[in-house]
Every structure is written in C-alpha cells, then in structure tokens.
4 protein chains.
Amino acid sequence: MKTSSKSELRKQQILTAAEKVFAKKGFQEATISDVGREAGLSEATIYEYFSSKEELLFSIPGETAKKTREDLKHILRHVRGAANKIRSIIYGYLWFYETHPDYASVSLLILKQNRKFLETQAYKDVKKLSGLLTEVLQEGKNKGEFSQEIDVYLVRSCILGTIEHNVIRRILLGKPQNLTDLTDPLTDLVLNGILKKPPLETMDFHVTVKPATQKKPAGPKKNKR
Amino acid sequence: MKTSSKSELRKQQILTAAEKVFAKKGFQEATISDVGREAGLSEATIYEYFSSKEELLFSIPGETAKKTREDLKHILRHVRGAANKIRSIIYGYLWFYETHPDYASVSLLILKQNRKFLETQAYKDVKKLSGLLTEVLQEGKNKGEFSQEIDVYLVRSCILGTIEHNVIRRILLGKPQNLTDLTDPLTDLVLNGILKKPPLETMDFHVTVKPATQKKPAGPKKNKR
Amino acid sequence: MKTSSKSELRKQQILTAAEKVFAKKGFQEATISDVGREAGLSEATIYEYFSSKEELLFSIPGETAKKTREDLKHILRHVRGAANKIRSIIYGYLWFYETHPDYASVSLLILKQNRKFLETQAYKDVKKLSGLLTEVLQEGKNKGEFSQEIDVYLVRSCILGTIEHNVIRRILLGKPQNLTDLTDPLTDLVLNGILKKPPLETMDFHVTVKPATQKKPAGPKKNKR
Amino acid sequence: MKTSSKSELRKQQILTAAEKVFAKKGFQEATISDVGREAGLSEATIYEYFSSKEELLFSIPGETAKKTREDLKHILRHVRGAANKIRSIIYGYLWFYETHPDYASVSLLILKQNRKFLETQAYKDVKKLSGLLTEVLQEGKNKGEFSQEIDVYLVRSCILGTIEHNVIRRILLGKPQNLTDLTDPLTDLVLNGILKKPPLETMDFHVTVKPATQKKPAGPKKNKR
DNA sequence: AATGAATGAGGGTTCATTCAT
DNA sequence: CATGAATGAACCCTCATTCAT
C-alpha cells in the first residue's frame, strides 16, 4: 500500500525521532545531534536523508493532514446532518491531537508560528483539511440547519481556535487532562451559544374557552421585540 | 504616577526596540546586536539593563496585562449585563491586539509557546486578566443570564482561542484586515450559537376545543427529548 | 602495447572524469561524488581503484610526461640545429597544453603548487621532460650555436615560465586565444632578445690603399681579452 | 601618514598572521583557528575583522601592488633608457619576492590560481602594476631602443613568467637560493637573446688590391634581403 | 566488481555575554 | 553610564572514507 523501501523506513525513523525531540526541546534548542541520538543514528546520516534541520522540521507533517482529511471525509459520509458532522470533525481533531501529542507540539507550538512553513505543501494540506470544516458549515447554512447570519470563516476560526487553545494548554499546563471530553461541550457551545434560551416549556398559555363561540389560535410573540 | 527615572526611560527604550525586533525576526533569529541597533545603543548597554536575552524577552509584557486589566475593569463597571460585558471584553482584546501589533506578535508567536515564560510574573498577570472573563461568565451563569450548562473555562478558552487564532492569522497572513470588526459576530456567535433558532413566531398551534369538557395545556417539554 | 585489462580501462575512465572535474572546480572544491557522477560510477567504486582523493589527483599525470618526452625526442631526431630544436620543443609544449586544456588546468593550477606532488614519480617524469630542453640548450651552447654566457637553467625557466604564464592566462582569462601561435614569437624572443640589432649593412669602411707596399687591415679586437 | 587606528592595527596583525599561516599550510589546509593561534587571538576575533576565511585571504594583498607600483615609478624616474628601466623593474619584482617570501607564497601559489580573486580590487592593482612593464616596453619600442618586431605583451609575459617560475621554484624547491642574482642574467637574456652574435671582431675582410684602378670597400650583406 | 548506506572527524561561523576603560 | 573589543561555547553541515552485501 505504501512505498516502504528501506530508505523510506529510515526517513520515517528519523522523522519520528525528530518529532519527539522537537516536541520536547523546541526547534532551536534541539540539535541534530539530539535527533541522531534519539534515532540511534549519526548526525551525518540525518543529513543523508534531509538536507537541513529546517527541511527536517518541515517534513514532519508529511502526509498527515492529507490522510486525516481522507479519514474524516470517510467518516462524514456516514454522518447525517451538518450539526453532527461538526461534532465528528471536532472529535476528529481532538482525538488526533490527543493520540499524537508530539505532533501536536510540533504543529501548534513550532510550525504554526513559522512564516516559512506557510510556503510548504504540508501547510496547503492543513488548509485543505480545515476547508472540510468550512464546507460542512456552508452546507448547514445552505440547508437551513444553521442560521443565515453566521460567518462560516469566523465559526471555523472559533472551532479551530478553541481546539488549538485547549491543546496548547494541555501541552504546556497539563490541563485539560482529557481532550476528547471537550467534544460535546464545545460542539454544544458552538451550536447553541451560551445564552439562556427562552424556555419554551415555561410559556404559559391562558386559554379561556367559552362554549359555543368562535375561536382563534393564539399566535406566539416574536422574541425580538 | 510612573517612575520615570532616566534609567527607567532607557529600559523602556530598549524594550520598545526589542519588541519591534523580536516581532519582526522572531526571538532566536533576532540578535542582541539587532536590538541594540534598533535602540541606537551598543550591545553592552543592553546588558547593563537586562541580564540576558531571555530576560529581555520576558520583560516585554511588563505591566501590560496588569494595566489592561485595570482598564477593562474600569470599563466594565459601566456596562450592564454579562452579555454586554463579554462584548466589551472581546472588544478590549481585539482593540488591544489591533493597536499593538508588535506586542501581539511577541505575545502570541513567541511567549505563548515558551515554557519558561509560564513561571514569570507577567504570565500570572495574563492569567489574571483572563480571569476577568471567567468572572463575568460565572456572573452571567449565576444570575441566570447564561445557561446553567456552560463550562465557563471552556467558554473562556473559546473566546480567547478564537481571538488569538484570528490575531495570529492577521499577523501571518494579513487577514482578517480588521480585527475589531470581529467583535459583534464573535460575541453573537458565543452568545447564540449557530443553530437556526426555532422561529417562535411561526409555530402553529392547532387547538381543538370541545365544549363542555376541561383540559389543561400540556406541561413544558424538555429540549433533550 | 598498453595493458588494457578491464580494470585498466575503468581506471582510465575514472581518471578522465577526475581530470575534467578537478579542472572545472578545483581540487578542494570538487568532491569524490562529483567525480563519480561524471564517471557514471558510485563513490565507493572510485575507492576500489584509488585509495584516496589525493592519490586520484596524483594519478592523473600518469605516463603523460614520459610519453610526451618520447614523442618529443622522436621529433627532435629529425630537427637540425639547437635553435630549431628549441622551436620544436616550445611548439610541443604549447600544442600539448592547447589540445589538453583539462590536463593543463590540473597540472598548472593544482599540481604545480602542491608540495606533496614533488615526491611523486609523475613529478620526476615532468622534470625529466624539462631536462630535454636543458640538453638542447647545453648542446647549442657546446656547439657554439648559443652564446657561451647563457645560463641554461635560467633560459629553461624563461621558456617554461613564459609558456606556463600564457597557458594560465588562457585558462583563467581566455586569452591569448591561440597558444601555438606563440611558438615563433617566443622562440625568436628567446633567440634574439629584444634589442634593436646594430644594422651591419650600414657600416662604413674607409680604406686607403697605397701602391707598392703591403699591409693588412687590422682585425678588430675581441672584447674579452 | 597611515590611519593606524587600533582597529587598523589589529587588522594588520591578523593579516600578517594569515599570510604566514596560509603560506605555510595552504589556504584549504589552514584553519581560522591556526590563524588565530598565530595572531594570539581567538577565532571569533578574526571574524570581528574579516567576515569569512576567503575575505581574509583576499585582504592579504591589500595595497601592496599599489604601493609597489608607486615605488617603482619613483625609481624609474631616475633611470635612463628603456633597457635599464626593464632591469630596474625586474630587480624590483625579484627583490620584493625575495624579501616577502610569505607574500610570494600566498600570491603565486594561492591567489594566482583562484578565479574569484580575479574580481577583486587587489587583482586590478596587480594588473596595473604589470602595466608599468608594458609601458616601458612600449616606450623602448617607440623610441627605437627595442626592435619593432617585438610583441610587448609576449615580452611582458616572458619577464613575469620567468620571474614567477623562479620564485615558485625557490618556494617549493629552495633553489635558486638567491633571487635578485637573477636580475642581470634575466635582463640580458631578454635584451639579447641566446644566439651567438656574429662577433664583429672576427669578421674577415679579404681585400684584393689592384694597382692603378678603382676600388670599392666590400660592404657586408644585409641579413634580410 | 560494484554500491548503498553509514559515519567520524573536523571546520567555518555565529552570538550571547563579559569586562576594562 | 556607555561601550569597544574580545571570546567561549556551540552547532550546522560537509565529505572523504569504510564496509557489508
């Protein structure tokens, strides 16, 4: 399925080591020597596979975003309703970051703030991945499931921003302990907002019925008034 | 009001230069020599005022968060309702980042991912500033203005995460052009969510009345069926 | 005539590649990898035939000087007079450098300034080749064709120095365009010098003859006596 | 007379050390650390004054050629006759190389074969210095002191080539022991060539005298006719 | 015979930092 | 108070060379 030449395996081995080392020490603080030690290889060997420290860094994402997108698309095919799809996507992101903490560190703490990374293919893949969210939001808006007033880009940034904010907190402060637990609260928050809803169930209808006379249905009043 | 000894002025001069330089080149890529050049001082002079490059970095926030908190508190005193206070806080953050782009870069791209920064006083001030948001959220929850089900910490992370996500995009990609314009859409999003609200005004009640009997309106239904 | 085992051919292939690469990039700047690429072989294969990069360099001259000497000797056998032999030798050198520019580069720009090269057999061959010139000069001196006052070593260095100086100019600056064209001017220069010759044909003799006696014109005196 | 700021002195100190080290070990083989050790300074200090190893190398010639040219011009002003001027120039070169052996090594063994050096100001100065020789040759030709048939560029290359060839031999092989001793033999060689001159003093005139008749002096025949 | 793969060894270069003046 | 001058300490990167296959 995947080209697993010996060379390709070595590359993966190095990338895994680099991910771990960069996640732990940061990019500048980590040395190629560190990566070599972690990978059980000499520095020179690293350079046989990656032409520079920076290229090594930029190679870590690889096809990750692309594959994650495929996986997500596959899952979404079986999910009904934009709201549920949002939930699935949020879960997808959180689950991924939770199960790939080193990748999360590299991605959110190192690559995210690197201007040169913006020019790599991997970044384009990341953008395309987030495009999935935009599509679902647009779909929900088009189909009337979501309000017509939402700005899909803002909502997307809200969802991703919240996720990333929490993942970073997790990385640096250790809390929240569990990321995927945020799925429902975050989804509900985005879907419903935080305002106390006018509790439909407490509406009182006072109906007086007079026998043998005309009747009218009581039209409820608008909120905004 | 503020100690403006000559020494203090020089410190400020250096900090301003450092902020600018770090914002432009990043921390590792910037050199003390760069800062010196920007400040019109020699490198050695920088070291007269700051013991290390890192200390210089960590000194940039200074009292910023503390003062911003005071300003915000002052403003909030005149704002009624938790929802409006949220709006004011969101505006406060956006306005600050918009008018202090260099500070935004240093804060969000450099300090935010630095583990050692977590141990500084400045970081505590930042946390305390975000505490204001927590308080307002809790207040809204307590007073019944916000839903009882919200997790104030999640909501806070949502608001801050969204803001930061957009500020970083602004810094790196140049868009959105205008940050403060996000105030209302973001506030509304957080308050109301994105679901299309059941338009109360179009609800139809079909009431059939039969003379000579007694009935009562059906008791309220739960949302979560 | 020449051992052309398969191994020998491969060696030649590598040497030709090395000559080309070293000529173009210089010794230090050229890598074994470059040579391998030029030869269409792997680096390891180079090392099957030459034990080190330096040995490879020192192997480039090979039998060149020896063969050139044989060729020259053969030619000189048919040339009459030391002066004409000098001309032939000068032509031989110039023609060789002109038709072997890569060899010229390696020889004059790289090997010429390498102290270790002085200890190789190839260097001894080069010296022996230049010995031919010495012999001819000495011969011309002995036979009275050349002045008794010349220092054959100086004259040799003059001829070779001029040739090499021009070849190097050719390599680095592209001029003179044509090397063999220098043969006659250089030969004449060395043979005749640059001074304007006292034009014998304008000498006036005034002879007075008196009948009935016998005298002889007094022969001019030698300078050195 | 010369700007001898402290910084300028340091630069000179480093250049002197570099000249010595490069002369001894060659450019590639010498390390900045070697130069530092020779100068009694740290490697980092070298880099305070020269931005790279190559710049250090290219800085060694400095104003040497320019000054040498001035000196030579000054001397030539008091020398009569192109031939004597040639002698002075040859002596000037030889004397300079003899008294500056390290410079000779760097100049003739390292810089002479470096393509990038051709683009430096120092190289232009060297060319201008050799231009002096061309001028003198041309002058001698114009004034009829030298043959009309000489190619001044070839003669120049002959003089310089011979000098450099001998200086290099001196550097690498230790002989000739004394360079300036070459002045006269080389000058004479270039002026007179090596051919045995038709010794005017040995010319035989055979005069047959017939009494009482007309007579003619037997004029020698022109060579070229 | 040929080479893919690995690396030891080393050097150029950068800078944060120090200190005498 | 300010700084010119100096450097220790690292690190990235290169490449000639080796060796198992």
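Computation of the quantities below employed the complete heavy-atom set of this structure, encompassing side-chain atoms and omitting hydrogens, waters and symmetry-equivalent molecules. In what follows, chains carry the letters A, B, and so on, assigned in the order in which the sequence lines appear, proteins first and then strands, with residues in each chain numbered from 1. Just so you know, these numbers come straight off a predicted model, no measurement behind them.
Here E:dC15 presents its C1' atom at 15 Å from CG of B:L56, a figure rounded to the nearest Å. Atom CD1 in A:I46 sits about 11 Å away from atom P in F:dC12, given to the nearest Å. Rounded to whole Å, the distance from CZ on D:F27 to C1' on E:dG11 is 12 Å. The nearest whole Å value for the distance from the CD atom in D:E54 to the P atom in E:dG12 is 12 Å. Rounded to whole Å, atom C1' of F:dC12 lies 12 Å from atom CD of A:Q28. For B:E55 and E:dT18, the CD to P distance is 12 Å, given to the nearest whole Å. Rounded to whole Å, atom P of E:dA6 lies 11 Å from atom CG of A:L9. Distance C:R37 CZ to E:dT3 P: 14 Å, rounded to the nearest Å.
A cation-pi contact, defined as under 6.0 Å to the ring centre and within 45° of the axis, is absent between B:K112 and B:F117. A cation-pi arrangement, defined by a distance under 6.0 Å to the six-membered ring centre and an angle within 45 degrees of its axis, is absent between A:K116 and A:F58.
Taking the nucleotide of DNA chain F with the nearest heavy atom to each of A:E29 and B:Y49, the more 5' of the two is matched to B:Y49. Nucleotides of DNA chain E nearest to D:A30 and D:A44 differ in position, and the one nearer the 5' end is that of D:A30. Mapping D:E48 and C:K53 onto DNA chain F by nearest heavy atom places D:E48 at the nucleotide closer to the 5' end.
A sub-4.0 Å separation between OP1 or OP2 of E:dG4 and a side-chain N or O of A:R10 is absent. Of the side-chain N and O atoms in D:T45, none sit less than 4.0 angstrom from OP1 or OP2 of F:dA6.
Between the side chain of A:E43 and the base of F:dC12, no donor-acceptor pair of N or O atoms lies under 3.5 Å.
Within the nucleic acid shown, D:F50 has no heavy atom closer than 4.0 Å to any nucleic acid atom.
Of the inter-residue distances, the one linking D:I60 atom CD1 with D:F27 atom CZ reads 8.5 Å to the nearest 0.5 angstrom.
Side-chain atoms of C:K53 come within 3.5 Å of backbone N or O of C:A30 as a donor-acceptor pair.
Taking only side-chain atoms of A:I32, from C-beta outward, the nucleotide of F:dA6, E:dT18, F:dC12 with the closest atom is F:dC12. Side-chain proximity of D:S42 to the nucleotides E:dA6, F:dG8, F:dT18 is greatest for F:dG8.
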Starting at the 5' end of DNA chain F, write a dot or bracket for each base, bracketing those in Watson-Crick or G-U wobble pairs whose two distances are under 3.5 Å and using | for partners on another strand. .||||||||||||||||||||
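Nearest approach of D:F50 to D:E55, heavy atoms of both residues: CD2-OE2, 3.7 Å.
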For residues 31-40 of chain C, dump all side-chain donor-acceptor pairs below 3.5 Å to protein atoms at least two apart in sequence or in another chain.
from  : atom 1 : to    : atom 2 : distance (Å)
C:T31 : OG1    : C:S33 : N      : 3.3
C:T31 : OG1    : C:D34 : N      : 2.9
C:T31 : OG1    : C:D34 : OD2    : 3.2
C:S33 : OG     : C:R37 : NH2    : 2.9
C:D34 : OD1    : C:R37 : NH1    : 3.2
C:D34 : OD2    : C:K25 : NZ     : 3.0
C:D34 : OD2    : C:T31 : N      : 3.0
C:E38 : OE2    : C:K20 : NZ     : 3.3

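Between D:L57 and D:V106 the shortest side-chain heavy-atom distance falls below 4.5 Å.
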